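Here the structure is a predicted model, which is why all the values come from computation and not from measurement. All values below come from the heavy atoms of this structure, side chains included, with hydrogens, waters and symmetry mates left out. Residue numbering restarts at 1 for every chain, and letters A, B, ... go by the order of the sequence lines.
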There are 2 protein chains.
Amino acid sequence: MTAEVEPPVRPTLEDVAAVAGVSRATVSRVINGATTVDPALRTVVEEAVATTGYVPNRAARSLVTRRTDSVALVISERERRPDSEPFVGRMFSDPYFGRVVGGLLEVLRPAGIQMVLMLADDEASRNQLLSYLRHGHVDGVVLVTSHADDPLPGLLEDTRLPAVLAGRPPRPSSLAYVEVDQQAGARLAADHLAALGRRRIGTISGPQDRPAGQVRLAGFLEALAAHGIEDVACAEGDFTHLGGAAAMRRLLAEQPGLDGVFIASDLMALGALPVLLRAGRDVPSDVAVVGFDDSSAAAACDPPLTTVRQPVEEMAAEMARLLLKQIGGPGGPSPSVVFPPTLVRRQSA
Amino acid sequence: MTAEVEPPVRPTLEDVAAVAGVSRATVSRVINGATTVDPALRTVVEEAVATTGYVPNRAARSLVTRRTDSVALVISERERRPDSEPFVGRMFSDPYFGRVVGGLLEVLRPAGIQMVLMLADDEASRNQLLSYLRHGHVDGVVLVTSHADDPLPGLLEDTRLPAVLAGRPPRPSSLAYVEVDQQAGARLAADHLAALGRRRIGTISGPQDRPAGQVRLAGFLEALAAHGIEDVACAEGDFTHLGGAAAMRRLLAEQPGLDGVFIASDLMALGALPVLLRAGRDVPSDVAVVGFDDSSAAAACDPPLTTVRQPVEEMAAEMARLLLKQIGGPGGPSPSVVFPPTLVRRQSA
DNA sequence: TTGTAAGCGTTATCAC
DNA sequence: GTGATAACGCTTACAA
């Protein structure tokens with residue numbers, strides 16, 4: 001006959017109040033840092049909290065404050081076709097995602113805010129998501145979208161919920177966003193290749209229907225032009241490993257005499273480097289390669305990749321801060337923030 | 001003079017009840033699918049729900065049911081040293097993670113369960129996490145841990161919370177886990193290399209302090225022995241891209257005559273293939289390569305990687321199901337589930 | 001400065 | 001089968 005396991009009883013405000021010899025209200029004030037509490041009493045209450053091991057009940061608090069102390073991290077991906085491979089979230093395979101999560105948590109965790117991970121990858125999930133958001137189940141939203149024709153930024157804007165985007169949205173929006181100065185980054189790459197004396201330059205761009213893809217390409221071409229380099233071969237990639245490899249092949253076919261390449265993401269560079277190698281080009285002596293992101297892939301490349309660094313963790317932390325500010329004060333959407341990139345020199349250029 | 005924006009008022013049970021001409025209690029019963037409701041009334045209520053656009057308030061519900069309708073997805077990573085690069089979550093960069101998330105959501109989403117993403121990467125965050133869990137802020141936990149000496153499985157077990165592990169824990173535990181049959185997977189690789197007529201075989205193993213690393217290696221060696229192949233070169237990797245490249249160099253140095261390699265993760269294979277290429281070995285004609293995982297990296301490899309497939313999405317979905325079952329019924333921890341692997345033939349072997 | 005008391009929107013326990 | 005009514009644990013006027 002085994003003893004029934006007693007479920008541990010969680011102390012309530014009432015319990016703490018009893019121990020401290022004060023009222024529920026006073027304990028609540030101490031917990032919430034109200035200034036109107038006698039310092040002596042405050043100490044007594046704090047001790048009572050410690051001895052009882054009290055932790056507020058989020059549901060009860062949420063019920064009255066109408067805040068949830070949680071935000072949604074929404075990953076919006078293009079709909080996968082029914083005939084495609086099981087599920088392969090492209091966003092999740094990108095090292096970028098982990099850096100974003102890390103940066104967000106750096107700010108949210110100390111603030112006691114939880115992060116609910118949500119996926120929007122088709123009409124149904126999008127509707128479910130919006131309904132969830134509209135019904136106040138989270139206090140705010142961080143949206144990471146990877147495709148240009150995503151209706152979600154617009155729909156999100158309509159909800160008037162506090163929200164911050166990772167990167168400038170394809171279509172103008174009043175939502176705040178945080179991104180790196182793409183043009184400046186592209187210029188860093190161009191200046192570096194030019195400084196190395198490379199003149200027969202090519203580039204693997206990102207998707208041209210996305211701002212990051214467009215601006216990096218335009219900025220790169222513009223900066224090269226300033227160096228008197230006009231005739232630049234270009235192949236469009238899709239920011240994936242595989243896409244980078246394919247683009248590199250096209251680029252080599254078009255311009256075999258290449259001596260420098262700017263690849264608009266490290267992940268694409270990771271795919272492109274073996275193609276160069278296999279085509280008999282040494283990197284960097286034959287072809288200098290500059291990537292973009294400074295993701296974990298950059299250091300894993302062979303040779304290690306010279307690349308334009310986006311401070312993704314800091315950017316994500318800033319997104320969290322902007323969001324918390326919006327949630328705290330009803331001052332409307334916050335201004336966007338643009339971070340400066342830096343060039344990280346490794347061995348590929 | 002702009003009109004003040006009226007915050008949309010969310011309908012409550014009371015409102016629905018008024019519209020339907022019944023009591024709160026009846027509406028609640030309908031919402032929760034109680035059988036003891038007059039079918040006619042049920043219809044009336046359902047219409048009222050539709051016209052009012054009612055959605056239950058989670059906080060209020062949670063307060064009384066003592067359930068949160070959310071589970072934690074906990075990523076436990078080794079503590080990053082203070083002197084290391086900013087934050088680079090290794091788990092997040094692994095395509096494996098995204099597949100897990102996808103599989104979990106496949107089950108959790110229809111069940112209306114939210115997924116809170118939490119990180120445990122040092123003592124402090126671990127304590128905060130445990131306190132959070134113990135205080136009933138989630139109904140259950142899915143734990144993904146990447147290091148052998150992780151105390152979290154043990155600590156989690158002590159909380160007696162419903163929990164499921166991704167992969168067998170390093171130390172025996174009563175917690176349920178879901179994993180692929182590692183040994184069978186390794187055997188598939190060995191049999192395939194042997195069938196190709198390869199005899200001078202090497203392997204890049206996973207970390208030997210982790211079950212997945214150990215079992216894949218032992219299983220591989222054992223299966224090769226059954227084919228009469230005993231002298232197998234081995235280099236230990238760490239399941240990362242970079243680690244795979246380094247291990248491949250060591251392996252080539254030790255055994256230049258290699259004609260077949262089993263690499264215990266696709267990510268490591270991604271790093272190893274360029275090393276082979278650079279060393280002048282053609283894949284697969286000189287060296288046949290078999291990976292493990294069938295991650296998105298496998299298809300991105302050049303040449304595309306023959307690999308042992310783990311059905312990660314299905315495994316994750318099963319984890320979610322086990323967890324929901326534990327949450328639903330107090331029948332103690334569920335049994336673990338082991339999935340069969342399959343060999344996916346591409347071009348590398 | 002502190003306490004009292006009124007909700008917040010549900011579910012659950014009763015009578016009816 | 002249905003409807004009052006009492007919790008659930010917290011914050012917050014308002015009163016003292």
For this session: Taking the side chain as every heavy atom from C-beta outward, state whether B:Glu157 and B:Ser174 have any pair of such atoms under 4.5 Å apart.
Result: yes
Exercise. Within a strict 4.5 Å, meaning less than it, do heavy atoms of the A:Tyr132 and B:Val55 side chains meet?
Worked result: no
Exercise. Can you find a heavy atom in the side chain of A:Ser28 that is under 4.5 Å from one in the side chain of A:Leu13?
Worked result: yes
Exercise. Using a cut-off of less than 4.0 Å, is there contact between a side-chain N or O of A:Ser28 and OP1 or OP2 of D:dT11?
Worked result: yes
Problem set entry | Qualifying side-chain hydrogen bond (donor to acceptor under 3.5 Å, both in side chains) pairs with a residue from residues 40-54 of chain A, counting only residues at least two apart or across chains | none
For this session: Would you kindly give the CZ-to-P distance between A:Arg29 and D:dA13, to the nearest whole Å?
Result: 11 Å
Exercise. Is a salt bridge present between B:Asp122 and A:Arg109, judged by a nitrogen-to-oxygen distance below 4.0 Å?
Worked result: no
Exercise. Within a strict 4.5 Å, meaning less than it, do heavy atoms of the B:Pro56 and B:Ile31 side chains meet?
Worked result: yes
Seminar exercise, completed: Under a 4.0 Å heavy-atom cutoff, the residues of residues 54-66 of chain B touching DNA chain D are B:Leu63, B:Val64, B:Arg66
Seminar exercise, completed: In short, the helix from C:dT1-D:dA16 to C:dC16-D:dG1 is bent end to end, axes from five pairs each side, to 10°, by 40°
For this session: Could you check if a side-chain atom of B:Pro170 sits within less than 4.5 angstrom of a side-chain atom of B:Asp150, using non-hydrogen atoms only?
Result: no
Problem set entry | With sequence neighbours excluded, residues passing side chain to side chain donor-acceptor pair (under 3.5 Å) with B:Asp149 | B:Arg78
Exercise. What is the nucleic acid contact for B:Leu41, judged by heavy atoms within less than 4.0 Å: base, sugar-phosphate only, or nothing?
Worked result: sugar-phosphate
Exercise. Whole Å only: how far is the CZ atom of A:Arg10 from the P atom of D:dC8?
Worked result: 14 Å
For this session: Scan B:Leu152, B:Val144, B:Val142 and name whichever one has a side chain to side chain contact (heavy atoms under 4.5 Å, CB included) with B:Val74.
Result: B:Leu152
For this session: Please examine the side chains of B:Ile75 and B:Leu117, heavy atoms only from C-beta on, and report whether any two atoms are closer than 4.5 Å.
Result: yes
Problem set entry | Presence of B:Thr26 side-chain N/O under 4.0 Å of D:dG3 phosphate oxygens OP1/OP2 | yes
Seminar exercise, completed: Its 5'-most and 3'-most nucleotides having an atom under 4.0 Å from a non-hydrogen atom of chain A, DNA chain C is contacted over C:dT1 to C:dG9
Problem set entry | A:Ser336 side-chain N/O to A:Tyr177 backbone N/O, donor-acceptor pair under 3.5 Å | yes
Exercise. Taking DNA chain D as the partner, which of residues 14-25 of chain A come within under 4.0 angstrom of it by heavy atom?
Worked result: A:Arg24, A:Ala25
Exercise. Where do B:Gly112 and B:Arg58 come nearest, in terms of heavy atoms and distance?
Worked result: O-NH2, 3.5 Å
For this session: Without swapping roles, check the side chain of B:Asn32 against the backbone of B:Ala34 for a donor-acceptor pair under 3.5 Å.
Result: no
